[in-house]
Amino acid sequence: MILSPLGAMSQQNFDTVKIRPVKLTESLYMLKGSGGNIGVLIGKDGTLMVDDQFAPLSNKINGAIKTLDPGEIRFLVNTHIHGDHSGGNENFRHMGVTVVAHNNVRSRMQKESVNRQGQTQQPRAADAWPMVTFEDRLNFHLNDEDIELIHLNPGHTDGDVIIHFVKANVYHTGDSFVRYGYPYIDGSNGGSFTGFIGNLDKILSLLDDNSRVMPGHGEVATKADVNKLREQLADIRDQVSAALKKGKKPEELPALGITDKYDAELGKGFLKGKDFVIIAADALKADVTVPAKKK
C-alpha cells in the first residue's frame, strides 16, 4: 500500500522533534520540524505564519516563534489542506490566531473524503476551519513587507496557495514544490498531475535568479531547483503518456524503467518510482475530466 505523506510522517514520536529556525532576512524565517516547512514573518505589526505542521507540535512551534519575536501571532496561512501543514489550526485558533486559506481548503475540511488507498478522512473540527478565505488572490501589508497569496490551478490539491514575500523576494510554495523526492498528487483532494507541472511553470514565471524558495518540505531552494523538478516530472509524464497511448496498463508501467534515472535522487522520499508511475498514469487519465481554472 502507498502511504500518503501525512500517514508516513505521522507515525513518529513528536516528543523528540526539535523546531529549528532558518534565517532568511532580519524579519523572515523558515522553521523546520516535522511536516511542512513553516514560514514566519515577524515585526512590529505582529507575526504571520505560513503552515503549522502537526497538532502535537503546536506548543513547541509557538515557543520557537516567541524566541524570534515575543509579540502576538496574528495570522496563520494554510498553503493547502493536508494535516502536516494545517494540523495545528485548532490549537493556534485557540491562541487567538486568525487562520487564512483558499475557499477549497475550508470546504474540504468540512466534508468526509476517501483517499487513494480507500481510507476515510473525517471532517476536521470546526475550530480548524479557516476563518478568512479567498478565491484567487489576497494581499497582506505587514511589518514593512508586502505579502501576496496566489491560488494555483489544481495540482498537489485544488486549494494550493503560494505566498510571495515581495520585498524579500522569497516564496513559500507549500507542496506545489517539494524537495523530499517524488511529489504526492492528491486526487482525492482535487489534485492533478498535469496541473502540478503547470503550477511549477507558473512558479518559475514568478521567480528570478535571486529568488529564494521555501519548499513544502526540504531545504531552501532556487529557481534552478524548481526548474530541475519541473523537467524531471515533464519527462516522466511524457513517457507515461506515450506508454498509455501504446496500450500499456498502469500496472505494467513499473517494468518499463521510466523512472530509473531519477530513482537515486527522487526515490529517497516516501514514494518510489514504481509507485509514482502508477499514480502518474491514474492521474493523467483523471486529468482529462479536471477543468483548469481560467487565467
Test side chain to side chain contact (heavy atoms under 4.5 Å, CB included) on Ile163 and Glu148; report intermediate values, then the result.
CA-CA 6 Å; Ile163 294 85; Glu148 300 174 338; over 6 Å; no

Using a strict 4.0 Å threshold on nitrogen-to-oxygen distance, state whether [X] and [Y] make a salt bridge.
X      : Y      : result
Asp208 : Lys223 : no
Lys272 : Asp263 : no
Arg124 : Glu90  : no

If we only count heavy atoms from C-beta on, is the [X] to [Y] side-chain gap below 4.5 Å?
X      : Y      : answer
Glu112 : Gln121 : no
His172 : Ile162 : no
Met214 : Thr173 : no
Arg237 : Leu284 : yes

Any donor-acceptor N or O pair under 3.5 Å, side chains [X], [Y]:
X      : Y      : value
His80  : His102 : no
Asp127 : His94  : yes
Asn103 : Glu135 : yes
Asp275 : Tyr182 : no
Ser58  : Asn91  : yes
His85  : Asp52  : no
Thr222 : Asp225 : yes
Thr47  : Asp69  : no
His217 : Asp84  : yes

Starting from the C-alpha separation in whole Å, work towards a yes-or-no answer on side chain to side chain contact (heavy atoms under 4.5 Å, CB included) for Ile147 and His141.
CA-CA 6 Å; Ile147 306 132; His141 305 281; over 6 Å; no

Atom pair [atom1] ([X]) and [atom2] ([Y]), whose distance is rounded to the nearest 0.5 Å:
X      : Y      : atom1 : atom2 : value
Phe165 : Ser27  : CZ    : OG    : 9.0 Å
Met49  : Ile65  : CE    : CD1   : 4.0 Å
Lys32  : Ile19  : NZ    : CD1   : 10.5 Å
Ile278 : Lys249 : CD1   : NZ    : 13.5 Å
Phe134 : Asn139 : CZ    : CG    : 9.5 Å
Glu231 : Leu200 : CD    : CG    : 10.0 Å

Should Leu68 and Tyr29 be marked as a side chain to side chain contact (heavy atoms under 4.5 Å, CB included) after you check the CA-CA gap, both sets of side-chain angles, and the distance that decides it?
CA-CA 9 Å; Leu68 303 176; Tyr29 293 79; 3.8 Å; yes

What about [X] and [Y], same hydrophobic cluster or not, with Ile/Leu/Val/Met/Phe/Trp/Tyr joined at side-chain heavy-atom distances under 4.5 Å?
X      : Y      : result
Leu142 : Val50  : yes
Leu31  : Val22  : no
Val240 : Ile185 : yes
Phe140 : Val99  : no
Ile258 : Phe196 : yes

Check whether more than 12 heavy atoms from other residues, nucleotides or ligands sit under 6.0 Å from atom [atom1] of [X], and answer yes or no.
X      : atom1 : value
Lys274 : NZ    : no
Lys44  : NZ    : yes
Asp201 : CG    : yes
Glu26  : CD    : no
Lys268 : NZ    : yes

Search all heavy atoms of [X] against all heavy atoms of [Y] and return the closest pair with its distance.
X      : Y      : answer
Asp15  : Lys60  : O-NZ, 3.0 Å
Phe193 : Ala283 : CB-CB, 3.6 Å
Leu266 : Gln232 : CD1-OE1, 3.6 Å
Val213 : Val226 : CG2-CG2, 4.3 Å
Asn78  : Asp51  : CA-OD1, 3.4 Å
Pro154 : Ser192 : O-CB, 3.5 Å

Quick one: does any side-chain atom of [X] pair with a main-chain N or O of [Y] as donor and acceptor, under 3.5 Å?
X      : Y      : answer
Asp160 : His156 : yes
Asp282 : Ile279 : no
Arg108 : Ser113 : no
Asn199 : Asn153 : yes
Lys246 : Ser241 : no
Gln53  : Gly87  : no
Arg74  : Gly96  : no
Lys23  : Leu28  : no
Lys66  : Glu72  : no
Glu145 : Ala168 : yes

Name the one of Leu206, Leu204, Asn169 that satisfies side chain to side chain contact (heavy atoms under 4.5 Å, CB included) with Ser211?
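Answer after filtering Leu206, Leu204, Asn169: Asn169.
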
Go through Glu265 and Lys228 one step at a time and tell me if the salt bridge (charged side-chain N to carboxylate O under 4.0 Å, His left out) criterion holds.
CA-CA 12 Å; Glu265 178 184 357; Lys228 181 179 180 181; 3.2 Å; yes

For Phe276 and Tyr184, what are the C-alpha separation, side-chain angles and deciding distance, and is it a ring pair (Phe, Tyr, Trp, His ring centres under 6.0 Å)?
CA-CA 8 Å; Phe276 187 70; Tyr184 181 61; 9.9 Å; no

